[in-house]
J.: 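Mind looking over this structure? Questions follow.
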Amino acid sequence: MKNKLCGIGEALIDFIPDVKGERLKDVPSFTRVAGGAPANVIGAVTKLGIPSKMLTKLGDDPFGDYIIDVLNDAGIDTSNIERDQEGETALAFVSLAADGNRDFKFYRKNSADLRYSVDDIPEDILDDCGMIHFCSVDLVESPMKEAHKKLIDMAIEQGVKVSFDPNLRFSLWDDLDALKKTVNDFIPYADIIKISDEELEFITGKTDIKDAVPDLLSGRAKYVIYTKGADGAEIYTKDGVVEAPGYSIDVRDTTGAGDSFIGAFLFCILRDEIDDLDSVSKDKLYEYLDFANAYAANTSTKEGALAAMATMDEIQEWIKNRK
């Protein structure tokens, strides 16, 4: 069974503030961590025990070197990450409110990841993969957007599942109508769609997930996963809905929480070698959602994204200690 996860998109440096509750302009110092939503997702899968690989381009600079080191340390296959002399590794500065929620300022006007092209994708890249995962940050008009299209086409042709978490970052788009259109252009090609409660109305025009589900399930999608932060998550299929409550925690940092959630969910699919998503029972879907909720909650008790994500032994111990 092919069960590697292949992620495509941005890998960048998150600068996390050393103090909470300050506006970004007032933060005196930051801590550097490796991030980027697709990299975080495959990092979660890898830390839990399923191998993964990353497709992106980094600047030929010290920040790119650092990201490669962090991804390697997490066990991610970085052999297909390209380095670029002209583009730079992207940076994101984050401010944290007292409740752990974030504001972002991105530095990526000459970002190397957007220079990744269809020619950079090896023809055999999916030979050992059971799924690909992508987000919307790198779907701006660029060579990288075309690379996404090619990888998705390859995945569908080869029977590899497609996972899409829009993970909206409004400040990176000059035209929000273009963002909405782009996300909705890519949704029909995904087998698994994750949307947060904060994204639902922008993407679908609906304020109630139940009203949005029929359209979201009208393409290839078998699962629409609706995340509600501390209130847990729901998964919609053509057969109905499964809900799992959230975990009560003391939030330290929500950076990467959504990424760790979908990473933990995809890990369950890959671990159990699920070939037919429609065949998974509601009890099993609840188990997957509950595990993903726990994993995201655990991530939120620590600072950083990839660095905060637990191994399987660590998350099992955390869950056991809460019972």
Side-chain angles (χ1 to χ4, degrees), residues 1-9 11 34-56 67-68 70-81 122 124-135 151-152 154-155 158-165 167 190-194 222-223 225 227 233 235 244 256-277 279-280 284-299 305-319:
M1 181 75 179
K2 305 186 301 181
N3 75 336
K4 277 189 178 180
L5 176 65
C6 178
I8 184 170
N40 290 337
V41 172
I42 66 169
V45 169
T46 307
K47 283 192 165 186
L48 287 168
I50 293 291
S52 68
K53 61 180 72 172
M54 184 72 190
L55 301 185
T56 192
I67 291 174
I68 292 288
V70 171
L71 298 187
N72 282 334
D73 288 345
I76 296 166
D77 179 354
T78 61
S79 62
N80 295 288
I81 294 179
D124 62 353
I125 193 66
L126 298 180
D127 284 357
D128 55 357
C129 293
M131 189 179 299
I132 67 169
H133 179 78
F134 69 102
C135 304
L151 187 69
I152 291 166
M154 291 170 62
Q158 297 177 39
V160 174
K161 296 177 183 64
V162 178
S163 168
F164 181 29
D165 175 4
N167 195 51
D191 300 288
I192 299 171
I193 302 164
K194 173 191 168 293
K222 302 293 192 296
Y223 298 160
I225 302 172
T227 57
I235 184 166
D259 303 331
S260 64
F261 172 92
I262 190 61
F265 184 87
L266 298 183
F267 162 80
C268 293
I269 298 291
L270 294 165
R271 175 200 60 195
D272 292 350
E273 299 183 350
I274 303 300
D275 184 45
D276 179 7
L277 295 176
S279 70
V280 182
K284 185 62 71 172
L285 288 176
Y286 178 88
E287 176 188 315
Y288 292 172
L289 280 186
D290 182 56
F291 179 71
N293 282 335
Y295 196 77
N298 176 265
T299 300
L306 179 55
M309 295 179 188
T311 64
M312 180 57 79
D313 287 344
E314 290 168 343
I315 189 61
Q316 287 178 336
E317 182 70 15
W318 187 80
I319 292 171

J.: Side chain of K222, backbone of L277: donor and acceptor closer than 3.5 Å?
T.: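 No, the answer is negative, given that no donor and acceptor are paired below the 3.5 Å cut-off.
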J.: Which pair of heavy atoms, one from I125 and one from C6, lies closest together, and at what distance?
T.: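 That would be CG1-SG, 4.4 Å.
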J.: Calculate, to the nearest 0.5 Å, the distance between atoms CD1 and CG belonging to I50 and L270 respectively.
T.: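 Rounded to the nearest 0.5 Å, the CD1-CG separation comes to 6.0 Å.
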J.: Taking side chain as C-beta onward, heavy atoms only, is I225 less than 4.5 Å from Y288?
T.: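 No - every pair of side-chain heavy atoms lies 4.5 Å or more apart.
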J.: Which atoms form the tightest heavy-atom contact between A308 and N298, and what is the distance?
T.: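 Scanning both residues completely, I find the closest heavy atoms to be O-OD1, 4.3 Å.
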J.: Would the distance check show the side chain of K161 and the main-chain N or O of D275 forming a donor-acceptor pair, the cut-off being under 3.5 Å?
T.: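 Checking the backbone N and O of D275 against the side chain of K161, a donor-acceptor pair under 3.5 Å is found.
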J.: Is any side-chain heavy atom of H133 closer than 4.5 Å to one of I262?
T.: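 A side-chain contact exists here, since the closest heavy-atom pair is under 4.5 Å.
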J.: To the nearest 0.5 Å, what is the distance between NZ on K194 and CG on D259?
T.: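 Rounded to the nearest 0.5 Å, the NZ-CG separation comes to 7.5 Å.
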J.: Apply side chain to side chain contact (heavy atoms under 4.5 Å, CB included) to L151 and L126, showing your working.
T.: CA-CA 9 Å; L151 187 69; L126 298 180; 4.0 Å; yes
J.: Would you name the heavy atoms of I315 and A294 that are closest together and state the gap between them?
T.: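 Closest approach of I315 to A294, heavy atoms only: CD1-O, 3.8 Å.
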J.: Identify the residue among T46, N80, D128, D77 that makes a side-chain hydrogen bond (donor to acceptor under 3.5 Å, both in side chains) with K53.
T.: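 Testing K53 for a side-chain hydrogen bond (donor to acceptor under 3.5 Å, both in side chains) against T46, N80, D128, D77 leaves exactly one candidate, D128.
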J.: Keeping T311 on the side-chain end and E314 on the backbone end, is there a donor-acceptor pair under 3.5 Å?
T.: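 Yes, because the side chain of T311 sits within donor-acceptor range (under 3.5 Å) of the backbone of E314.
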J.: Under 4.5 Å between any side-chain heavy atoms of I8 and I132, yes or no?
T.: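 In short, these two side chains do not touch, never coming nearer than 4.5 Å.
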J.: Are V280 and D272 packed together at the side-chain level, in the sense that at least one heavy-atom pair is separated by less than 4.5 angstrom?
T.: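 With C-beta onward as the side chain, the pair stays apart.
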J.: Any donor-acceptor pair under 3.5 Å linking the side chain of T227 with the backbone of A233?
T.: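 Not at all, since once roles are kept as given, no pair shorter than 3.5 Å links the two residues.
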J.: Check whether any side-chain heavy atom of Y223 sits under 4.5 Å from a side-chain heavy atom of I269, and report yes or no.
T.: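 A side-chain contact under 4.5 Å exists here.
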J.: Check the pair L71 / L306 against side chain to side chain contact (heavy atoms under 4.5 Å, CB included), numbers first and verdict last.
T.: CA-CA 9 Å; L71 298 187; L306 179 55; 3.7 Å; yes
J.: Is the side chain of D165 donor-acceptor paired with the backbone N or O of C135 at a distance under 3.5 Å, no angle test?
T.: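 No; judged by distance alone, with no hydrogens or angles, the pair does not exist.
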J.: Search all heavy atoms of A34 against all heavy atoms of I67 and return the closest pair with its distance.
T.: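 Where A34 meets I67 most closely, the heavy atoms are CB-CG1, 4.4 Å.
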J.: Which heavy atom of N40 sits nearest a heavy atom of G35, and at what distance?
T.: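 Scanning both residues completely, I find the closest heavy atoms to be OD1-CA, 3.6 Å.
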J.: Measure the spacing between CZ of F265 and CG of D290 and express it to the nearest 0.5 Å.
T.: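 Going from the CZ atom of F265 to the CG atom of D290 covers 12.5 Å.
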J.: Please find the pair of heavy atoms, one from G263 and one from V45, that lie closest to each other, and give the distance.
T.: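 Looks like O-CG2, 3.2 Å.
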J.: State, with a plain yes or no, whether a side-chain heavy atom of E287 is found less than 4.5 Å away from one of K284.
T.: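 When only atoms from C-beta onward are counted, K284 and E287 do touch, with a gap below 4.5 Å.
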J.: Please examine the side chains of M131 and I192, heavy atoms only from C-beta on, and report whether any two atoms are closer than 4.5 Å.
T.: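 Contact flag for I192/M131 side chains = yes.
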J.: Are F261 and Y295 close enough that their ring centers fall under 6.0 Å?
T.: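 Not under 6.0 Å, so no.
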J.: Is the F164 ring parallel, tilted or perpendicular to the F134 ring (thresholds 30°, 60°)?
T.: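 Parallel: the ring planes of F164 and F134 meet at under 30°.
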